[in-house]
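Quantities reported herein were computed from a predicted structural model and do not represent experimental measurements. We number each residue from 1, following the sequence as shown. What's counted below: heavy atoms across the whole structure, side chains too, no hydrogens, waters or symmetry copies.
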Amino acid sequence: MARLLLILLALCPVLSAFSAEPRLLVHYMPWYATKDVSGAWGWHWTMNHFDPEQKKWDDQRKIASHDYPLIGPYDSGDDHALECHALLMKIAGLDGVVIDWYGTSDLHDHAMNHRNTQKFIPWLKKAGLSFAVCYEDQAVKSLKNGEDVKQAEKDLKWAEEHFFADPSYVKQDGRPVLLVFGPQHLKWKCDLSSKPLVFGLSHLVKQNGLDGAFAWPPVTGGKSLSPEQWKKELGLIYSEKTPFIATAFPGFKDIYQQSGVHASYGSIASRGGLTLSESLAQALESKAPLIQIATWNDYGEGTMIEPTRNHGFRHLEKLPRCGNPADLRLPVMLYQLRKRGGDAAKLDEASTLMFASKFTEAEAILASVSHELGQQVIDGGYHLTTELLYREEPGISAAQNQRCRLDVYAPATKKPFSTVIWFHGGGLTQGERSIPLPLRNQGIAVISANYRLSPGVKSPAFIEDAAAAIAWTFKHITDFGGDPQRIFVSGHSAGAYLSLMCGLDKKWLGKHGVDADKIAGLIPLSPQVITHFTIRDERGIEETQPIIDDLAPLFHVRKNAPPILLVTGDREKELMGRYEECAYFWRMMKLTGHQQTTLHELDGFDHGKMPEPAFPLLLKWVEEASATQLRKEGP
């Protein structure tokens, strides 16, 4: 039975009339802990099921999430992470943050969450953002004999004294705004001198006598909701006479069932960013003076708008007052350079410049620190140079400035060396570059490149980017000590498709003055060789309708193409017909007279797991092909 919280909260009048610019807030979780910072991985990264100490081939730790932070799993008490978050929020045009707050007790990890909350607030103020808290009254439900009510009273008195009195605290009509996630445990009838406006979940407002409701992604019962369904649910809240805080969200895909915590709440598809755009539009139309985005970083429920490996900066770019999209990568770069041990004084200067909105000056400093770190030796004999822009033509777009970047991992002393250009997968709609772990410390250079993604761009923009990255490598690899005669192009899934398109259809590299036949070898891992399904989707063609046109690698089979190593997963576990596509491609290359196309099927491995056993094949093939090339070159 719910306990009675004796802090009387009087009902307030309806919120003041909507202004042309509603305040845009984002819900923030301060509960993450890492081994490096806190001494152990926190529950929200592990859920007692996943082990972040284990890494996958793409350098991602195993965490409790379907997605992955762009900066990697972080600690909510780490000033470097908090600095990065505050700067991203500033650039994205957010007005403030609603921090998920479990009070002041020492129960569970609540004390850590409280410390992290207090630590984050100064960073928000530095960025010019306001803050509010969402009190989790379930935090006290384990306390008995009235101790739950006493602790809640203590929490709210503390909040009144330290939060509500802060000039940066979110207020409406002069009164502090307090959200309660529920209430799930306590009955609310109380009196605080600050007279906060208290908002709870919509179905619990009337029975608890709260001032209003805040909307939330309306998942329930493990069901997948269509756009029509969740819009209808939100419309019911927005049509009530009760005051409300509207919501926007990028989707919902929790990890609870996979973690063994409990059954899934349900799901809402992100639809390539459309869900955020449409829920935000509905929130704006509701005329609510406050809009809360759910969330910045709830990885357990998959509602993050912060930059991730899957979605990049896509969600922040959709916010109505987002600044230059190219600037969003700078706080991430700052965080990464700090973690690599970059010059602290220079990075502090770059941070100060970014908080002052001087991003051009900050970028120059970050680039200089990145160059300095590129001279350091890592992994016992390698250099790593990051964030290099490969679109060198004048007048590039903000999207090109942000996405057309690559990293170079190269031997420090063994020269000249072979190079593998690696393009990430993700269906041409998502993904992020990384240096695959199995390719590190193997005596070769690895260049990992990003490219623009659909639906932000349409085909063939991603092919054009991939070709530009390959051309950049031909032009610059000697600067790092590489042999331009031993450049191999590889990638997984969508990245494999791009490698084949650039290697087979000579016009893409020809635009850069590079002969595709100069590529030492193509190593596509599970490529689509018919017209890619995302390109078909752009045209309104069903995924099950195969098309072979000039955007299909299969269309460009030819006798004089570079040597090709094709690798797929098990034909019974692969994506639809992927092995069969590649087998047909292999046969057609043979029929054209191409004698150096090899096909491997990896029994027992599905599409996502096949790269791990494929990398040894790749390395052996590169070694043998490089040896052949060296023999051709002679002594």
Side-chain angles (χ1 to χ4, degrees), residues 36 53-61 72 333 335-344 346-347 366-390 405-424 432-450 469-470 472-492 519-521 523 525 565 611-631 633 635:
D36 288 346
E53 286 298 293
Q54 296 183 25
K55 286 187 176 182
K56 296 179 282 188
W57 64 265
D58 57 0
D59 200 24
Q60 292 190 33
R61 296 182 182 274
M333 189 176 179
Y335 177 87
Q336 293 170 336
L337 293 174
R338 287 197 185 280
K339 293 309 178 186
R340 291 181 62 193
D343 188 310
K346 290 183 178 180
L347 295 177
L366 294 176
S368 71
V369 174
S370 179
H371 179 75
E372 292 169 1
L373 288 174
Q375 307 308 306
Q376 295 182 0
V377 176
I378 63 173
D379 291 351
Y382 291 80
H383 294 311
L384 176 63
T385 308
T386 62
E387 289 288 329
L388 297 173
L389 183 67
Y390 64 77
R405 301 265 171 180
L406 54 77
D407 300 336
V408 180
Y409 175 90
T413 56
K414 177 189 173 183
K415 301 175 183 180
F417 44 74
S418 301
T419 299
V420 172
I421 303 172
W422 178 260
F423 293 112
H424 66 80
E432 180 68 23
R433 71 184 187 271
S434 66
I435 308 295
L437 292 180
L439 299 186
R440 299 185 189 184
N441 206 7
Q442 296 293 331
I444 62 173
V446 183
I447 293 181
S448 183
N450 275 352
I470 296 170
W472 183 97
T473 303
F474 272 96
K475 181 178 179 180
H476 292 286
I477 196 59
T478 55
D479 299 339
F480 298 87
D483 183 351
Q485 301 299 316
R486 289 185 277 153
I487 295 174
F488 300 82
V489 184
S490 185
H492 176 233
I519 296 173
I523 316 169
L525 308 186
L565 173 64
E612 191 81 46
F615 284 120
L617 298 174
L618 180 156
L619 288 167
K620 182 180 179 182
W621 198 77
V622 167
E623 181 182 8
E624 292 174 351
S626 296
T628 300
Q629 179 62 39
L630 288 172
R631 286 194 296 270
E633 294 175 5

With a 4.5 Å cut-off on side-chain heavy atoms, are [Y] and [X] touching?
X	Y	answer
L619	I444	yes
F474	I421	no
L384	R340	yes
R405	R433	yes
W472	V408	yes
D58	H492	no
F615	L439	yes
V622	I523	yes

Donor-acceptor pair, distance only, cut-off 3.5 Å: does the side chain of D407 make one with the backbone of E387? yes
Check whether R61 reaches the backbone of G72 with its side chain - one donor and one acceptor, N or O, closer than 3.5 Å. no
Just how far is it from atom [atom1] of [X] to atom [atom2] of [Y], taken to the nearest 0.5 Å?
X	Y	atom1	atom2	result
I477	I487	CD1	CD1	6.0 Å
L388	T473	CG	OG1	10.0 Å
L525	E612	CG	CD	11.5 Å
Q336	L347	CD	CG	12.0 Å
H371	T385	NE2	OG1	8.0 Å
W422	L618	CH2	CG	7.0 Å

Which residues share a ring pair (Phe, Tyr, Trp, His ring centres under 6.0 Å) with H424, sequence neighbours left out: Y451
With F480, which residues qualify under ring pair (Phe, Tyr, Trp, His ring centres under 6.0 Å), at least two apart?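 Result, ring pair (Phe, Tyr, Trp, His ring centres under 6.0 Å) vs F480: none returned.
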K415 atom NZ, over 12 foreign heavy atoms within 6.0 Å: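 Buried by this count: over 12 neighbours within 6.0 Å.
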For Q485, is the CD atom crowded, meaning more than 12 foreign heavy atoms sit under 6.0 Å from it? yes
Those residues that, when tested against Y409, pass side-chain hydrogen bond (donor to acceptor under 3.5 Å, both in side chains) (two or more places apart): D379
Between [X] and [Y], which heavy-atom pair has the shortest distance, and what is it?
X	Y	answer
V369	K346	CG2-CB, 3.8 Å
A445	P411	N-CD, 3.8 Å
P616	P613	CD-O, 3.3 Å
Y390	A469	CD1-N, 3.5 Å
A412	H383	CB-NE2, 3.5 Å

Do S370 and T386 pair up side chain to side chain, a donor and an acceptor below 3.5 Å, judged on atom types alone?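 Short answer, yes.
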